Amino acid sequence: MKAIRGATTVAADNEESIKFAVKELLDEIFSVNKLRTDEVVCIMLSNTADIKSMYPAKAAREGGYALFPLYSSLEPPIDGSLALCIRVMVLCDRNKSVRHIYLRGAQNLRKDISKVLNIAIDGPAGSGKSTISRILAARLGILYLDTGAMYRAIALKCIRENADYADKDTVKKIVDNLDLKVDYSEGMQITLLDGEDVSEQIRTPQVSLLASYVSAYGFVRNKMVELQREIAAKRSCVLDGRDIGTNVLPDCEFKFFLTADAAVRAKRRHLENISKGVEQSYEEVLKDLEERDFHDKNRAIAPLKQAADAVVVDTSEMSIDEVASYILSKIEEKI
Ligand code: DC
């Protein structure tokens, strides 16, 4: 038997807000934990004394949780306690570990157990990282953080400023004054450079190669890693890159390292380029890819390397669906 804890706050003491908050919390608990109906023993809810308009158990019943034994109780009024708070405990029959869910104003209540889920996907260019990461993030209902896009944005800035990327001081000045933000729209990452959405412009072969060069500078990496850790600490996300499992999130619970033969990777990238109207022969793509591999693997700081505790997946002979299903099954074994 396992107990899943959760809590949330309601916007106001009225039926509509209580129903919304309870349903949102239970939906999240069920979806994140992939709870099956037959595993659930009972759902117990409690509320702070300032909630008077509706029993949370009634809200649960009306929100689609009528099948389970439900129980509501009133918490004593405690000075300084969180206002308008609803707590829940779902008892379920399972051995696997569970994830506790704290939403809205309740997020700070139990930082110790409401941990965010981070998944590290590392590997060389063309190994399928971004496609797989996007699928995983969508299936798990969490964000996809494309860390390569950040290095690409710096490369684009260098190109726009006609900067000599081999000159450390010049690149440092650019990085010190960098206005780079990552935002999300309908689950898709938007990379904003100087306030402009450059998500498309950072995908050219020229930017790809230059990103590999500028990402070798320590000051570039420090700044990007800081930003990546900040995002990952706050929100559950799939991060793809070269050094996520080794350097950005060394304590991450889920680490995967994707590989594939260089020829297979070049073929994938070539097809991708054609679909985007980027003109580059297969031979050029392969040459660029090998050059990037060399730089990414041989730079002094945080090179492309598989973490000792990462699950290695050779995607050369696997379909996208096969890779995604395999990784999801590995994640589900643990959560
Ligand atoms: O994944 P990508 O092709 O978009 O990455 C572009 C370059 O950025 C890649 O050649 C190496 C660098 N990079 C990195 O050094 N560390 C990361 N976490 C992600 C990308």
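Counting starts at 1 for both ligands and their atoms, in listed order. The shown structure was predicted, so the numbers you read here are calculated from the model rather than taken from an experiment.
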Practice task
Check whether any side-chain heavy atom of Thr8 sits under 4.5 Å from a side-chain heavy atom of Ile101, and report yes or no.
Solution key: no
Problem - Polar contact flag, side-chain donor to acceptor under 3.5 angstrom, Ser130-Asp240 - result: no
Between ligand 1 and the protein, tabulate every N or O atom pair separated by less than 3.5 Å, reporting distance only.
unit_1	atom_1	unit_2	atom_2	d
ligand 1	1 (O)	Arg242	NH1	2.9
ligand 1	3 (O)	Arg152	NH2	3.0
ligand 1	3 (O)	Arg242	NH2	3.3
ligand 1	3 (O)	Arg292	NH1	2.9
ligand 1	4 (O)	Arg152	NE	2.6
ligand 1	4 (O)	Arg152	NH2	3.4
ligand 1	10 (O)	Arg292	NH1	2.9
ligand 1	10 (O)	Asp296	OD1	3.4
ligand 1	10 (O)	Asp296	OD2	3.0
ligand 1	15 (O)	Ser215	OG	3.4
ligand 1	15 (O)	Arg221	NH1	2.8
ligand 1	15 (O)	Arg221	NH2	3.3
ligand 1	15 (O)	Arg299	NH1	2.8
ligand 1	15 (O)	Arg299	NH2	3.0
ligand 1	16 (N)	Arg221	NH2	3.0
ligand 1	18 (N)	Thr147	OG1	3.0
ligand 1	18 (N)	Arg242	N	3.2
ligand 1	18 (N)	Asp243	OD1	2.9

Exercise for the section: Sequence neighbours left out, what passes salt bridge (charged side-chain N to carboxylate O under 4.0 Å, His left out) with Arg265? Give chain and number order. Expected result: Asp293
Exercise for the section: Any salt bridge (Lys or Arg N to Asp or Glu O under 4.0 Å) involving residues 40-58? Give me the pairs, sequence neighbours left out, ordered by first then second residue. Expected result: Lys58-Glu62
Problem - Which residues share a ring-ring contact (aromatic ring centres under 6.0 Å, His included) with His270, sequence neighbours left out - result: none
Practice task
Examine Phe30 together with Phe68 and report whether their ring centres are nearer than 6.0 Å.
Solution key: yes
